[in-house]
Each structure stands twice: as C-alpha cells, then as structure tokens.
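Okay, structure first, notes after.
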Amino acid sequence: MNQIAVDRYIGPVWYNSFADVVEDFTSGEHVRKNVITGEFYNELYVYIGYIVQYNTCYRDYLSAHGIDALIEHLCDQAPAFRAETEAINTLRRKAEEWGPLGDYDIQCQGMYQDFFVHDVYFHGIGDVRRSVELYQRDKRRVFPAKDYVQREGIHILCNYEPYPKFDISDAGDDREYVTYFFFNRPITREDLDYTEQLPSNGNNLKISERLDRVSEIPMLYYKGDGPSMLLVTPKEYDD
C-alpha cells in the first residue's frame, strides 16, 4: 500500500496507512466540541473527499469498483472508519458530485518532494518556481520572468491569483494561489487562452475531473501556504 497524503495547511502530509489517518483525525487536536449542542465531532468528514480524490490508489479503486466497494475497502483498512457516519455520507455525496473521475493521476504530495514531468526531474516546488518562464494573472496581464533557469525540454507557465486583501493589515501578504502548467514545447497564445479559461474551483484551483489536455499539459497546484501541493500527470498504467 502506498502512503496516504492529506492536503491541508497544518499537520502531517504523509500517513503510512488509512488506519493512521482515521486514528489521527478522530483524536487529539482534530476533535472539536459543538458550542451549541455540546457534542464532539472530528474533522475527518472535511478531508475524506480530498483523501480519496487526491490519492491515486483510492482514485483508481473508486473508478474500478464504485463508491460502495471503496467504502468497504476503506473500512477493511481501518475498521474504526465504519463508525464515522458523517465522513461516509460526505464521501458518498462527493463521489456523486465528481461523477466519472478523470483518466489521469491527481496526487497530493509534499511541496519538497521530487517528481518528474515530461521526463524532466524537479526537486520540489522550488525547482518549479525557478524555472517559470511566463506569469499569467489574466489575459491582460501576461509577462515574462525577469530571470529564470531554462530547463531543457520544458516550458512553465505560472497562473496565479494573489491572496485577497481586505484592509491595510493585509498589504504585506504576498502569498498567491498558483497553478503551474508544464509544456514540452514553447508556450503559445492559444495555450494562454486555454489556461486562463479553465474554471477555478475557488482559490485559483484549476484542477478538476474534466481536464482534457493533461497528457500535453501536466499541472501543479500550490495554495500559497502549508506543506502540500497537488500534481496532475498522465495516468500511469501497470505493465
């Protein structure tokens, strides 16, 4: 079994098993008390959709066997999950909202983890940032990087959205929600139009289950804070 990654701002990114995930999210700091009812609840229902959607092992299982079989699979891995009714109901609802999952991999991973895109090696998100060739905030604001490390066989577009600023106290917050697009050829005007028109699911998250050019344009998303990021690459099939 592969390690399980959880996309969140604070806490571990990697777990050795789904049982470890359930144990962590149903104990300690992840347990809250409802101030109105006095009942205790945990955050597993908040993250269960991310865990399934953004780990290839569960994406593949859901696509191959359906939601009922996936829930039984998760309960086999972590018997305590069977008692998490709210999380299970949330997962069923999420699966219905997703519909058929995209035929590509979406994998949560640590922001400093090594990975390959278009057969080019990257040592975490720092390597990606240094190699950005073009920045795109919207169609009217596309500009080249002043200084970047050109990687052979790769061209990177950074589509970004600054964190919202509500008052003067936010003026120094230079964090951004960023989606990186990887091309194995020079970036064209048509590419800029395509990346800009992709719908955002909030916070400039352009990753979805309805992408149609992942084999040509892999993607990486970072929400500007926290230890994890999302990598979208063509499906890897076992030989």
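Numbers here simply count residues along the sequence, with the first being 1.
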Least distance between heavy atoms, A5 atom then C108 atom: CB-O, 3.4 Å
Full working for side chain to side chain contact (heavy atoms under 4.5 Å, CB included) between D20 and F18: CA-CA 5 Å; D20 289 343; F18 185 65; over 6 Å; no
Distance-only polar pair, side chains of T188 and D191, donor-acceptor under 3.5 Å: yes
Any side-chain heavy-atom pair of L192 and L157 under 4.5 Å: yes
Side-chain heavy atoms of Y163 within contact of D225, under 4.5 Å: yes
Distance-only donor-acceptor check, side chains E84 and N42, under 3.5 Å: yes
Electrostatic pair E216-R185, nearest N-O below 4.0 angstrom: yes
Salt bridge K235-D105, side-chain N to carboxylate O under 4.0 Å: yes
Salt-bridge contact E190-R213 (side-chain N to carboxylate O under 4.0 Å): yes
Within 45° cone of Y54 ring axis and under 6.0 Å: R59 NZ or CZ: no
Any donor-acceptor N/O pair, K206 side chain to T195 backbone, under 3.5 Å: yes
R137 side chain reached by P162 side chain, heavy atoms, under 4.5 Å: yes
Plane angle bin for Y135 and Y160 - parallel if under 30°, tilted between 30 and 60°, otherwise perpendicular: perpendicular
In one Ile/Leu/Val/Met/Phe/Trp/Tyr side-chain cluster, 4.5 Å: F143, V178: yes
Any side-chain heavy-atom pair of F182 and I217 under 4.5 Å: no
Backbone N/O of I4 and side chain of N55: donor-acceptor pair under 3.5 Å: no
Check: G99 main-chain N/O paired with E209 side-chain donor or acceptor under 3.5 Å: no
Qualifying residue for side-chain contact (heavy atoms from CB on, under 4.5 Å) with L220, from T233, I125, L230: I125
Close side-chain approach of L231 to I106, heavy-atom, < 4.5 Å: no
Rounded distance [0.5 Å steps], NE2 in H118 versus OG in S215: 8.5 Å
Residue pair Q3, N16: steps toward the side-chain hydrogen bond (donor to acceptor under 3.5 Å, both in side chains) verdict: CA-CA 5 Å; Q3 287 184 312; N16 290 325; 3.2 Å; yes
Ring geometry between H73 and Y58 (parallel below 30°, tilted from 30 to 60°, perpendicular above 60°): perpendicular
Side-chain touch W14/Q109, heavy atoms, less than 4.5 angstrom: yes
CA sep, side-chain torsions, deciding dist, call: K94, Q53, side chain to side chain contact (heavy atoms under 4.5 Å, CB included): CA-CA 9 Å; K94 289 287 187 181; Q53 190 176 20; over 6 Å; no
Heavy-atom donor-acceptor pair, Q113 side chain to G124 backbone, under 3.5 Å: no
Student check: side-chain heavy atoms of F181 and L134 closer than 4.5 Å: no
Verdict with supporting geometry, K223 and D7, salt bridge (charged side-chain N to carboxylate O under 4.0 Å, His left out): CA-CA 10 Å; K223 54 184 174 287; D7 180 35; 2.5 Å; yes
Derivation of the side chain to side chain contact (heavy atoms under 4.5 Å, CB included) call for F81 and L44: CA-CA 9 Å; F81 183 62; L44 185 58; 3.8 Å; yes
Partner of R151 by side-chain contact (heavy atoms from CB on, under 4.5 Å), out of D127, I156, V128: D127
Over 12 non-hydrogen atoms of neighbours within 6.0 angstrom of OH in Y194: yes
Approximate separation, where rounding is to 0.5 Å, of Y112 OH and S228 OG: 11.5 Å
With Q150 via side-chain hydrogen bond (donor to acceptor under 3.5 Å, both in side chains) - residues at least two apart: Y148
Shortest non-hydrogen contact between Y177 and N203, atoms and distance: CB-O, 3.0 Å
Any donor-acceptor N or O pair under 3.5 Å, side chains N159, T179: no
Residue pair G224 / R175: nearest heavy atoms and the distance that separates them: O-CD, 3.5 Å
Heavy-atom pair with the smallest gap, counting every atom of V132 and A145: O-CB, 3.2 Å
Worked verdict on L70 versus H65 for side chain to side chain contact (heavy atoms under 4.5 Å, CB included): CA-CA 7 Å; L70 173 64; H65 305 287; over 6 Å; no
Inter-residue atom distance L211.CG - D103.CG, 0.5 Å rounding: 12.0 Å
Between F122 and F116, ring centroids under 6.0 Å: no
Non-neighbouring partners of Y222 that pass ring pair (Phe, Tyr, Trp, His ring centres under 6.0 Å), sequence neighbours left out: none
Enclosure of D119 CG (heavy-atom neighbours >12, cutoff 6.0 Å): no
Rounded distance [0.5 Å steps], OG in S208 versus CE in M219: 7.5 Å
Q107 CD to T56 OG1 distance, which is reported to the nearest 0.5 Å: 4.5 Å
L62 CG to L74 CG distance, which is reported to the nearest 0.5 Å: 9.5 Å
I187-V149 co-clustered via ILVMFWY side chain contacts under 4.5 Å: no
Side-chain touch Y180/Y221, heavy atoms, less than 4.5 angstrom: no
Over 12 foreign heavy atoms within 6.0 Å of CD, E97: yes
